[in-house]
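Structure, as structure tokens:
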Amino acid sequence: MASKLLRAVVLGPPGSGKGTVCERIARSFGLQHLSSGQFLRESLGGGGEAGALAQQYLERGLLVPDHVITRLMVAELEKRREQHWLLDGFPRTLGQAEALDGICQLDLVISLNIPFETLKDRLSARWVHPASGRVYNMDFNPPHTQGVDDLTGEPLVQREDDRPEAVAARLRKYKDAAKPVMELYKSRGILHSFSGTETNKIWPYVYTLLSSRIPPVLPEEEH
Ligand SMILES: Nc1nc2c(ncn2[C@@H]2O[C@H](COP(=O)(O)OP(=O)(O)OP(=O)(O)O)[C@@H](O)[C@H]2O)c(=O)[nH]1
Ligand SMILES: Nc1ccn([C@@H]2O[C@H](COP(=O)(O)O)[C@@H](O)[C@H]2O)c(=O)n1
């Protein structure tokens with residue numbers, strides 16, 4: 001199997017399970033993943049004018065301008081040049097995809113297609129631990145103690161952009177922006193789409209796909 005560094009992306013609408021699937025890939029294949037959404041929340045939530053501006057985009061479910069997110073992500077990826085890349089939620093627009101083309105050649109793109117109603121249900125039941133980005137779901141992966149992070153014991157919160165109005169805006173925006181990105185990757189033959197309502201059913205296919213590119217460190221069932 002080739003030992004080339006992996007350049008992979010997981011795309012999908014809000015709540016499609018990108019973070020959940022990336023976490024499983026990261027554990028099963030011994031690599032780190034970079035979530036653009038979590039990265040933005042960490043980088044720009046710290047205050048200052050730029051931070052406050054970006055916060056407004058996030059809270060309203062709008063995409064941060066391409067040049068802002070691209071600059072942040074490219075700088076971060078340059079630091080990780082010697083590592084595998086598993087990107088969650090970037091690129092979101094054609095402009096971002098073109099910027100990514102400037103620094104790497106992607107090996108594979110995983111697209112998660114989840115029905116709209118399922119997304120809404122999942123996001124209304126999502127709770128997060130802001131400091132770590134750990135994600136829970138009251139139905140799918142509840143914390144051991146309600147409202148509390150398993151590892152730190154700190155309180156869990158619901159994301160501002162998981163409010164129903166923001167979710168509706170995010171889903172609308174996602175469709176428009178993502179279409180040309182998907183078309184681009186499809187035309188290159190690197191797009192792998194998975195459809196369904198349950199991550200546990202999609203996961204074995206994702207695991208098999210990844211196994212063809214990088215040796216696993218854990219068996220499929222031990223994600
Ligand atoms: N009921 C259910 N919930 C799931 C499933 N897979 C993931 N979830 C939950 O759905 C919510 C959304 O999953 P994430 O992995 O955060 O989705 P995402 O695509 O990263 O979401 P964004 O950060 O909004 O882009 C979380 O609360 C997950 O725990 C599933 O198969 N069933
Ligand atoms: N490329 C991106 C990624 C994210 N955002 C903003 O962050 C929010 C949350 O992102 P998730 O991936 O966690 O859903 C998203 O709604 C955007 O406001 C962005 O602008 N560009």
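Computed over heavy atoms, backbone and side chain alike; hydrogens, waters and symmetry mates excluded. Just so you know, these numbers come straight off a predicted model, no measurement behind them. Just so you know, ligand 1 is whichever comes first in the structure, and atom 1 is the first atom listed for that ligand. If you read the sequence from its start, that first residue is 1, and numbering goes on from there.
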Self-check item: F29 and S211, any side-chain heavy atoms less than 4.5 Å apart
Solution: yes
Self-check item: Closest protein heavy atom to atom 3 (N) of ligand 1, given as residue, atom name and distance to 0.1 Å
Solution: F140 CB, 3.2 Å
Quiz prompt | Between D121 and T118: side-chain donor-acceptor atoms closer than 3.5 Å | solution = no
Quiz item: When you check the gap from the basic side-chain N to the acidic O, do D139 and R122 get nearer than 4.0 Å?
Solution: no
Quiz prompt | For atom 26 (C) of ligand 1, the protein heavy atom that lies nearest, with its residue and separation | solution = V135 CG1, 3.5 Å
Exercise. Look at ligand 1 and say whether G15 reaches it with a heavy atom at a distance under 4.0 Å.
Key: yes
Quiz prompt | N-O pairing of D162 and K120 below 4.0 Å | solution = no
Quiz item: Does ligand 1 have an atom under 4.0 Å from some heavy atom of G12?
Solution: no
Quiz prompt | Per-ligand residue contacts, ligand 2, heavy-atom threshold under 4.0 Å | solution = S36, G37, L40, R41, Y57, L58, L62, L63, V64, I69, G89, F90, R92, Q96, R159, D161, R170
Practice problem: For the residue pair L34 and L77, establish whether any side-chain heavy-atom pair is separated by less than 4.5 Å. | Solution: yes
Self-check item: Residue pair S16 / L119, side-chain heavy-atom distance below 4.5 Å
Solution: yes
Quiz prompt | Crowding at CD, Q105 (>12 non-hydrogen neighbours, <6.0 Å) | solution = no
Practice problem: Starting from atom 16 (O) of ligand 1, locate the nearest protein heavy atom and write down its residue, its atom name and how far away it is, to 0.1 Å. | Solution: R126 NH1, 2.7 Å
Self-check item: Residue selection (non-hydrogen contact nearest atom 31 (O) of ligand 1) among D139, N200, L123, T199
Solution: T199
Quiz item: What's the shortest distance from atom 20 (O) of ligand 1 to any protein heavy atom, and which residue and atom give it?
Solution: G19 N, 2.9 Å
Quiz item: At a non-hydrogen distance cut-off of under 4.0 Å, which region of W127 contacts ligand 1 (side chain, backbone, both, or neither)?
Solution: neither
Quiz item: By number and element, which atoms of ligand 1 are closer than 4.0 Å to a non-hydrogen atom of E198?
Solution: 31 (O)
Exercise. Number the atoms of ligand 1 from 1 as they appear, then name those within less than 4.0 Å of a heavy atom of P13, with their elements.
Key: 19 (O)
Practice problem: May I ask you to say whether E76 pairs ionically with K79, meaning some side-chain N is under 4.0 Å from a carboxylate O? | Solution: yes
Self-check item: Under 3.5 Å donor-acceptor, T199 side chain and G17 backbone
Solution: no
Practice problem: Starting from atom 9 (C) of ligand 1, find the nearest protein heavy-atom neighbour and note its residue, name and distance. | Solution: N137 ND2, 3.5 Å
Quiz item: Are any of the side-chain heavy atoms of P91 and V9 separated by less than 4.5 Å?
Solution: yes
Quiz item: Under 4.0 Å from any heavy atom of K18, which atoms of ligand 1 are there?
Solution: 15 (O), 17 (O), 18 (P), 19 (O), 20 (O), 21 (O), 22 (P), 25 (O)
Exercise. Using distance alone, with no hydrogens and no angle criterion, decide if S132 and H129 have a side-chain donor and acceptor under 3.5 Å apart.
Key: yes
Quiz item: Short list, please: which atoms of ligand 1 are under 4.0 Å from a heavy atom of R159?
Solution: 23 (O), 24 (O)
Self-check item: Element-labelled atoms of ligand 1 that are located less than 4.0 Å from some non-hydrogen atom of N141
Solution: 29 (O)
Quiz item: Are K179 and E183 close enough for a salt bridge, meaning some N to O gap below 4.0 Å?
Solution: yes
Quiz item: Of the protein's non-hydrogen atoms, which lies at the shortest distance from atom 27 (O) of ligand 1, and what is that distance?
Solution: Y136 O, 2.9 Å
Quiz item: H84 versus I214: any side-chain heavy-atom pair under 4.5 Å?
Solution: yes
Quiz item: Counting each atom of ligand 1 from 1 as listed, which ones have a heavy atom of R170 under 4.0 Å away?
Solution: 22 (P), 24 (O)
Quiz item: Are any of the heavy atoms in G17 under 4.0 Å away from ligand 1?
Solution: yes
Quiz item: Does V21 belong to the same Ile/Leu/Val/Met/Phe/Trp/Tyr cluster as F140, with side-chain heavy atoms less than 4.5 Å apart forming each link?
Solution: no
Practice problem: Give the atoms of ligand 1, by number and element, whose distance to some non-hydrogen atom of T20 is under 4.0 Å. | Solution: 7 (C), 13 (O), 14 (P), 15 (O), 28 (C)
Practice problem: Check if A125 has a non-hydrogen atom at a distance under 4.0 Å from any atom of ligand 1. | Solution: no
Quiz prompt | R134 and D149 ion-paired at < 4.0 Å | solution = yes
